[in-house]
Every structure is written in C-alpha cells, then in structure tokens.
Amino acid sequence: MPSTYDKLATYTASGTPSSYTFSSIASTYTDLVLIVSAANPTNDSGLLIRFNGDTASNYSDTSLYGNGSSAVSFRATSATGMNAGRTDTGISTNIVNVQNYANTTTYKTAISRGNDSALVITTVGLWRSTAAINSITVYDQNGRNFNNGSTFNLYGIKAA
Amino acid sequence: MLNNILGFLAESPALNSYESISTTTVGSGGSSSISFTSIPSTYKHLQIRAIAKSTGAATQGDLTLNSDTGNNYAWHQLFGSGATAGADASTSRANIVGAASLVNSSIASVFSASIIDILDYTNTNKYKTLRYLVGQDENGSGVISLNSGLWMNTAAISTITITARSNSIAQYSSFALYGIKG
Amino acid sequence: MPTFTQIGTAQVVGSGGAASIDFTSIPSTYTDLCIKFTGRLAIAARDDFVKVKFNTSSTNFSAKVLYGAGSSGVASFSDTSGYAGTVDGSTATASTFSNMEIYIPNYAGSTNKSFSVDSVQEDNQGQAWITMVAGLWSQTAAINAVSIYGGTNLLQYSTAYLYGVSNA
C-alpha cells in the first residue's frame with residue numbers, strides 16, 4: 001500500500017510576523033493537515049485561516065469549546081476568515097484538517113481542534129469556493145503578531 | 001555498477017507508518033452505501049477520512065462492521081450546533097450513528113467532513129471502539145461533534161460499511177481508508 | 001526521515017496488569033509526538049481517569065477539559081494533575097477499551113509544552129465519556145519520557161503506540 005503523510009512545508013517565526021502564508025500548495029494530495037503551535041504577546045485569541053488570499057466574506061464556521069467552567073457552542077457566518085484554533089501568551093496546539101482541498105466540485109470543509117491555556121475548542125469551517133486550495137494564510141483574530149518561535153507545519157495525505 | 005546499486009539502496013528513505021489502503025468516490029446517481037471490504041489485517045489502526053452529502057434531505061451515514069446489523073453497537077456524542085452544546089447517546093442499537101453526516105442536497109456544493117479512528121482493529125481480545133470527529137457548516141447552520149462508537153464483538157474488522165439512513169450518499173462524496181502500522 | 005513513523009514498539013500490558021505504560025529514552029529528532037492509547041482500568045467502576053507524566057513528573061500541569069458524558073450531559077472543568085481522559089473501568093461493558101490520541105507538538109523544544117488529548121470511553125449504557133483536553137506542561141525541558149497511568153492498574157491488553165511526526 002502506498003505510504004503517505006508527507007511534509008509539505010514548515011515555518012518557524014523569526015521575529016513577530018502578523019501572519020504566515022503557505023503558498024504554491026501542490027494539488028496532488030487529498031487532504032491537508034496544518035499543525036500550528038503559536039503564541040501572541042497579549043492574551044487568548046482566535047487563530048484564523050484564509051484560503052487562496054480570499055479576504056471576502058466567504059467563510060463560516062461552527063464551534064464547540066470548553067473553558068474550564070462552561071461548554072459553549074457558537075457560530076460565525078459570512079466571515080472574512082475561518083476559525084481554526086487558538087493562540088495566547090503561552091504556546092498553543094492547533095490541528096486543522098482540510099479535506100479534499102483540491103476538489104474543484106465542492107466547497108471546502110475543514111475540521112479542527114485547538115487549545116491554549118484558556119480553552120479547548122473544535123470547529124468545522126466552510127469556505128464557499130470550489131477552487132482548489134493553493135495557499136493558506138494563518139493569522140490572529142485580533143490582529144496580534146505571532147511570537148518569535150511560533151511554528152507552522154503543513155502535511156499532505158494522499159488517498160490511493 | 002554494483003557500488004551504484006548499493007548506494008541507491010542505502011539512500012532509500014524509510015517509509016511512513018501511515019499508508020493509503022483504498023478510496024471510494026460515489027458516482028452519478030448516488031449510492032445507498034459504501035463499503036471497504038477485505039481490509040488487510042497487517043496494520044494496527046485504521047483511519048477513514050471522508051467528505052459526504054445526501055441526494056435529498058439531510059440525513060446520517062451510519063456505520064456497521066463486518067456486515068453485522070444486529071443490536072451490537074453503542075454510540076455517544078459531544079456536539080455543538082452553534083446555539084447549543086450538548087451530549088447524546090444510544091445503546092444496544094443496530095449501527096453506529098453518523099460516521100458521515102450527509103448534507104442536504106439543496107445546499108449547493110457543501111459537504112461534511114469526517115475523520116474516523118479505529119485503534120487495534122484486529123485485536124481479538126477487545127471489542128472495537130471508534131472515535132470520530134464529524135462536522136458540516138452551512139453558513140448559518142451546522143454542527144461539529146466528537147463521537148464514540150462501540151461494536152460489541154472481538155472479531156478483527158474486515159469490512160466497514162456506511163449506509164445512508166434515508167435517501168442516498170451523493171455523487172462526489174469520497175471515503176478514503178488508511179492503515180497505520182504499530 | 002519519514003514524516004509519520006512509529007518510535008520503538010507498542011507497549012502492551014500483560015496479565016496481572018501494570019501501574020503505567022511508559023515510553024522512555026524518546027529521541028529528540030522528531031518534531032511532534034503522537035500517542036495512540038487504548039486502555040481499561042482495574043477499578044471496580046465503569047470508568048475512571050488516566051493521567052500523563054512527562055519526564056517522570058506529575059507536576060506543572062494545567063488543563064481545560066471539555067466533556068460530554070452521554071445521558072449525563074456536557075460541561076467543562078479545569079485540572080492541574082495531568083488529566084488525559086476517562087477510560088473504561090472493570091465493570092464497564094466487557095472487553096471494551098477506550099480510544100485516545102495525545103498530540104504533543106514541538107516536544108523537544110525549549111518552550112513550555114502544549115498538548116492535546118481527544119479521548120472516548122465507550123460503554124453500552126447511557127453515560128460514557130468523551131473528552132477533549134487542552135493540556136499544558138509548564139516546563140521548558142525537552143520531553144524524553146511519557147507515562148500514562150490511572151488511579152488503579154491498567155488491565156491486560158491496554159496498549160499504547162508512540163509515533164514521531166517530522167517536519168524535516
């Protein structure tokens with residue numbers, strides 16, 4: 001059986017970037033797995049992603065989180081980015097699965113789970129475009145920069 | 001020449017523990033179910049990664065193992081629907097609920113996503129426990145859930161079937177099976 | 001280097017049980033660690049907790065936990081003991097073991113260690129635990145050992161697999 005789960009790209013923040021973009025993503029895989037371990041200098045904030053440089057209101061998502069005292073669900077509609085996890089002053093763990101990212105028939109659905117020191121969250125997001133994804137931009141919901149040393153790793157999984 | 005061959009062998013990279021077994025993509029007209037059959041027993045864990053949609057009203061793609069349709073399954077769920085965070089359960093049932101969520105056909109181009117993990121699928125000392133993350137968002141509706149499923153049988157898993165509870169699984173729905181060595 | 005590969009061999013609990021499953025001497029050459037764990041405990045109850053230690057330490061942990069307990073509802077709590085999830089106890093449905101995945105990014109780095117745990121415990125009754133853990137180990141040392149343990153012994157056939165994920 002063909003081996004898969006391949007490294008596509010990696011970035012470790014040198015300095016304090018406001019975002020990071022994986023570009024020229026090959027269309028030869030089936031799913032993408034994005035692992036982000038990031039911090040910001042201020043406090044708990046959302047980690048968002050955009051595809052193909054699309055900054056229009058073509059994103060939406062449904063989330064479920066626990067913050068140590070309550071379980072809460074919320075939704076975002078016609079947004080300019082997709083919720084994909086968390087970041088705060090400590091380090092976070094975010095795992096984003098973008099399924100069938102190169103399929104030109106379907107809109108793109110991503111399911112993610114993320115956590116920082118404040119909460120654990122899982123999200124399903126939708127990008128209303130049938131374009132194959134060739135770039136992913138990762139940024140902070142509140143416009144904060146990522147701390148030096150934040151890491152961004154992209155992997156591809158190819159179905160037989 | 002011989003030295004060149006040996007050099008090539010020495011440079012061949014070790015392979016991942018993660019391998020693709022097979023993929024099913026639903027064709028035109030849809031399908032009432034999809035199945036993975038004759039699953040090799042050479043891995044330790046299985047993972048299914050899927051996108052799915054209904055040919056009609058929204059429904060569930062429910063999962064059975066080794067063609068067992070007896071009341072040998074249990075299911076539990078933790079979900080968020082935007083307005084509500086909740087939990088659900090069903091026991092002694094004939095399948096595992098919603099391994100794929102089949103999105104209403106009237107919502108153009110939107111497919112759900114699922115990732116299903118089965119650990120120790122060939123272990124004949126254990127019933128089989130599934131863990132799966134499923135979600136769809138429809139820009140104003142949708143749900144994300146982490147689910148568990150139990151098959152009360154110690155047999156090694158050789159067949160996995162996902163069946164639409166109503167209507168059919170729509171064209172372009174895709175289910176990919178992976179094996180993880182251990 | 002392969003991207004997703006097993007490190008060492010599976011740790012399988014034998015007859016008589018074991019206080020913990022331990023991975024030691026973990027090489028620092030990967031980027032992330034992924035542990036797949038299927039477990040059952042000796043406690044005379046339907047379910048109970050398991051926890052983790054890093055580098056044999058059970059201190060400096062903090063976590064936010066989201067859980068659903070089937071018919072018992074959904075909630076969230078905080079933890080400082082290294083809680084990783086709830087698994088089957090000895091009076092749960094026979095032959096049933098939990099299904100858990102622990103993910104530790106940048107485990108060999110020089111910052112505090114964030115980790116995630118997704119865990120399900122099944123039981124043919126209304127209540128069974130599904131948990132998502134946001135974990136933090138506030139130590140900057142590279143992780144070279146991971147233990148999974150409960151308040152009672154892990155039962156025979158409990159098994160854990162360690163994988164390394166490499167971005168090299």
Side-chain angles (χ1 to χ4, degrees), chain A residues 1-7 29-33 57-67 70-79 82-83 95-101 103-113 120-130 155-160, chain B residues 13-25 40 42-43 47 49-53 78-87 101 103 107-115 132-146 170-181:
Chain A
M1 306 295 178
S3 168
T4 186
Y5 208 113
D6 299 331
K7 181 205 105 176
Y29 292 88
T30 307
D31 300 336
L32 298 173
V33 181
S57 302
N58 293 320
Y59 304 87
S60 57
D61 49 68
T62 301
S63 297
L64 170 67
Y65 74 84
N67 59 11
S70 301
V72 179
S73 184
F74 68 94
R75 170 166 293 129
T77 58
S78 298
M82 179 191 295
N83 278 294
I95 303 170
V96 185
N97 293 276
V98 187
Q99 313 278 80
N100 289 64
Y101 72 99
N103 187 317
T104 55
T105 301
T106 66
Y107 289 168
K108 305 305 180 289
T109 297
I111 45 178
S112 65
R113 61 95 70 224
V120 56
I121 187 169
T122 184
T123 301
V124 57
L126 178 70
W127 181 44
R128 296 188 308 283
S129 171
T130 58
Y155 302 92
I157 296 175
K158 183 175 177 60
Chain B
L15 296 177
N16 289 333
S17 298
Y18 192 97
E19 295 185 351
S20 175
I21 299 175
S22 66
T23 303
T24 297
T25 300
T42 49
Y43 300 96
Q47 184 177 82
R49 305 175 70 93
I51 61 169
K53 193 174 183 67
L78 166 66
F79 72 88
S81 62
T84 302
S101 180
V103 178
I107 305 175
S109 308
V110 175
F111 286 65
S112 69
S114 304
I115 301 176
Y132 52 106
L133 190 60
V134 182
Q136 81 258 17
D137 186 272
E138 298 143 359
N139 194 30
S141 60
V143 64
I144 179 72
S145 64
L146 180 60
Q171 185 182 20
Y172 307 120
S173 298
S174 180
F175 301 80
L177 177 67
Y178 300 89
I180 300 166
K181 300 175 186 176

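Chain letters run A, B, ... following the sequence lines, proteins first, then strands; residues in each count from 1.
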Partner chain B: residue of A/Val72, A/Thr109, A/Asp6 with the largest heavy-atom pair count (under 4.5 Å): A/Thr109

- request: Return yes if a side-chain donor-acceptor contact under 3.5 Å exists between A/Thr77 and B/Asn139, otherwise no.
  value: no

task: Check for a donor-acceptor pair, side chain of A/Thr106 on one end and backbone N or O of B/Ser109 on the other, with a separation under 3.5 Å.
output: no

task: Pick whichever of B/Ser17, B/Ser174, B/Gly140, B/Ser145 has the most heavy-atom pairs under 4.5 Å with chain A.
output: B/Gly140

query: Where does B/Ile115 contact chain A at under 4.5 Å (heavy atoms): side chain, backbone, both or neither?
result: both

field: Best-contacting candidate, B/Leu133, B/Thr42, B/Leu146, against chain A by heavy atom pairs under 4.5 angstrom
entry: B/Leu133

statement: Of all heavy-atom pairs linking A/Tyr107 and B/Ala108, the shortest is CE1-O, 3.5 Å

query: In terms of heavy-atom proximity below 4.5 Å to chain B, should A/Lys158 be classed as side chain, backbone, both, or neither?
result: backbone

- request: Check each atom of B/Phe79 against the heavy atoms of chain A and say whether the ones under 4.5 Å are side chain, backbone, both or neither.
  value: backbone

task: Provide the closest heavy-atom pair for A/Tyr5 versus B/Asn16 in the form atom of the first, atom of the second, distance.
output: O-ND2, 2.7 Å

task: To the nearest 0.5 Å, tell me how far B/Ser112 OG sits from A/Leu126 CG.
output: 11.5 Å

query: Of the backbone (N, CA, C, O) and the side chain (C-beta and beyond), which part of A/Ser63 lies under 4.5 Å from a heavy atom of chain B, both, or neither?
result: backbone

statement: Closest heavy-atom pair, B/Ala85 versus A/Leu64, reported as atoms and distance to 0.1 Å, is CB-CD1, 3.5 Å

- prompt: Under a 4.5 Å heavy-atom cutoff, which of B/Lys53, B/Gln136, B/Glu138, B/Gln171 has the most pairs with chain A?
  reply: B/Gln136

Contact class of A/Thr123 relative to chain B, heavy atoms under 4.5 angstrom: backbone

task: Return yes if a side-chain donor-acceptor contact under 3.5 Å exists between A/Asn97 and B/Arg49, otherwise no.
output: yes

task: May I ask you to name which of B/Ile51, B/Ile144, B/Leu177 has the most heavy-atom pairs under 4.5 Å with chain A?
output: B/Ile144

Which of B/Ser20, B/Ala50, B/Gly80 touches chain A most, by non-hydrogen pairs under 4.5 Å: B/Ser20

query: Does B/Asp137 use its side chain to pair, donor to acceptor, with the backbone of A/Gly125 at less than 3.5 Å?
result: no

query: Looking at A/Thr130, A/Thr30, A/Asn103, A/Asp61, which makes the most heavy-atom pairs under 4.5 Å with chain B?
result: A/Asp61

- request: Looking only at non-hydrogen atoms, find the nearest pair between B/Tyr43 and A/Met1 and report the distance.
  value: OH-CG, 2.9 Å

- request: Could you look at A/Tyr65 and say if it's the side chain, the backbone, both or neither that has a heavy atom under 4.5 Å from chain B?
  value: neither

- prompt: For B/Ser81 and A/Ser73, which heavy atoms make the closest approach, and how far apart are they?
  reply: N-OG, 3.2 Å

